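These numbers were taken from a predicted model, which means no experiment stands behind them.
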Amino acid sequence: MSNATTTTERAPSVYVPSAEALATVLAPGARPSRPSALGASLTFGWRALLKIKHVPEQLFDVTAFPIIMVLMFTYLFGGALADSPRDYLQFFLPGIMVTSVVMITMYTGVGLNTDIEKGIFDRFRTLPVWRPAALVGMIFGDVLRYILAALVILGVGLALGFRPAGGVAGVAAGIGLLVIFSFAFSWVWTFFGLILRSEKSVMGVSMMVLFPLTFLSNVFVEPSTMPGWLQAFVKVNPVTQLVAAVRSVMAGESDPSSMMWLLVWSIGFVVIFGTLTMYRYNRR
């Protein structure tokens, strides 16, 4: 009869950490509450400002570019279209302010596309925050760029002889209208930033849209000097309505029709392209 060896199987011991051990690895206090939609958006807006701090070259398009635009067009067209560059500047500066700020709105889409390609927005989507906060905050951060660009152009214009009849209040109202429109218009580029494959594609499409809108408008000359078929496009151009509204308040006057259409266009951009942007963003 063979000897049987009896083995006793022991269940593996389970370590139960003590309350003191758990306290060393867990954050003390109550779990923080979920941030509000506004708080999350402002946090992402602060992120956009920190990007400028660490890469100050991003401010080139809101500093050097507007200065070049003002100097070039004032002295290039001023003598031909008015009695002197200074006289032309009174008409031209609100328009070039609008042109410069509206053109830099395309960098909202470019920046979004870059973040998506790097996978940063995939991380944002996993956070327990309001889903649109990353997009809204990014545009909030760009608002500072719009204001800075407008102030740079205004400063150059004042140095060259621009004197707004509306005073400080008129200038502030003009910049306010410009910022409202630019914020709404930025949603167009966030949509393009989501659907296009590269930042070069975003820039290409943006320039193809922006050049007709900014140059076929009332920025440089009065529409009455244009052919009739071109005047029809210029009159419905949203940039034309924006320039007319900004120009009127800076001159101390009021243009209710332009302001009404400015608000209509702004609401339309937010409703249409904001909705399309969020639809696409939630399904990426």
Side-chain angles (χ1 to χ4, degrees), residues 61-106 145-167 170-185 206-207 209-226 230-231 233-263 265-266:
D61 58 326
V62 299
T63 53
F65 177 71
I67 293 174
I68 293 172
M69 292 281 284
V70 172
L71 295 176
M72 181 175 65
F73 284 104
T74 298
Y75 291 104
L76 184 64
F77 295 133
L81 300 178
D83 295 334
S84 67
R86 182 167 181 169
D87 291 338
Y88 181 61
L89 191 64
Q90 311 307 314
F91 169 84
F92 168 70
L93 190 124
I96 199 61
M97 180 185 294
V98 168
T99 298
S100 299
V101 174
V102 168
M103 290 190 73
I104 65 176
T105 59
M106 70 176 178
R145 296 161 60 88
Y146 307 151
I147 296 175
L148 180 58
L151 292 177
V152 168
I153 294 174
L154 178 64
V156 175
L158 292 174
L160 296 178
F162 176 67
R163 297 295 181 265
V171 170
I175 294 177
L177 293 173
L178 178 55
V179 169
I180 291 172
F181 179 87
S182 299
F183 175 85
F185 198 50
S206 301
M207 296 304 291
V209 173
L210 285 171
F211 263 92
L213 288 179
T214 53
F215 283 89
L216 301 181
S217 66
N218 59 345
V219 171
F220 303 101
V221 295
E222 289 287 357
S224 59
T225 62
M226 304 175 186
L230 184 56
Q231 290 186 37
F233 172 79
V234 171
K235 289 180 180 178
V236 298
N237 184 349
V239 173
T240 297
Q241 304 299 333
L242 175 60
V243 172
V246 173
R247 191 173 277 154
S248 65
V249 295
M250 284 191 173
E253 302 170 356
S254 178
D255 190 343
S257 176
S258 296
M259 291 185 182
M260 180 195 69
W261 282 111
L262 169 63
L263 294 177
W265 277 108
S266 298

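Between the CH2 atom in W261 and the CG atom in N237 there is a gap of 13.0 Å [rounded to 0.5 Å]. The CZ atom of F181 sits 8.0 Å away from the OG1 atom of T105 when rounded to the nearest 0.5 Å. Here the CG atom belonging to L89 is positioned 13.5 Å from the CZ atom belonging to F73, to the nearest 0.5 angstrom. Of the inter-residue distances, the one linking S217 atom OG with M226 atom CE reads 6.5 Å to the nearest 0.5 angstrom. Atoms CG and CG, on L71 and L76 in that order, are 11.5 Å from each other to the nearest 0.5 Å. Q241 contributes atom CD, which lies 8.0 Å from atom CE of M260 (distance to the nearest 0.5 angstrom).
Of the candidates V246, L242, L177, M259 forms a side chain to side chain contact (heavy atoms under 4.5 Å, CB included) with just one, namely L177. For the side chain to side chain contact (heavy atoms under 4.5 Å, CB included) with P223, the lone residue among L216, N218, L230 that qualifies is N218.
Side-chain contact between T214 and V219: absent, with no pair of heavy atoms (C-beta onward) separated by less than 4.5 Å. Put simply, the side chain of L210 reaches to within 4.5 Å of the side chain of F185, judged on heavy atoms. Between I96 and T99 the shortest side-chain heavy-atom distance falls below 4.5 Å. Side-chain contact between L158 and P164 is present, with at least one heavy-atom pair separated by less than 4.5 Å. Side-chain atoms of L93 and L160, non-hydrogen and from C-beta on, never get closer than 4.5 Å to each other. L151 is listed as a side-chain neighbour of I175, based on a closest heavy-atom distance under 4.5 Å. F162 places a side-chain heavy atom less than 4.5 Å from the side chain of L154.
Using cut-offs of 30° and 60° for the angle between ring planes, the F92 and Y88 rings count as parallel.
In terms of heavy atoms, S224 sits closest to Q231 at O-NE2, 3.6 Å. Scanning all heavy atoms of the two residues, the minimum distance from S258 to A244 falls at OG-CB, 3.3 Å. Closest approach of P94 to M250, counting heavy atoms only: CG-SD, 3.9 Å. Across A150 and L178, no two heavy atoms sit closer than the pair CB-CD2, 4.4 Å.
For I180, the side chain to side chain contact (heavy atoms under 4.5 Å, CB included) partners are S266, not counting sequence neighbours.
Using modelled atom types, one side-chain atom of T240 and one backbone atom of V234 make a donor-acceptor pair closer than 3.5 Å.
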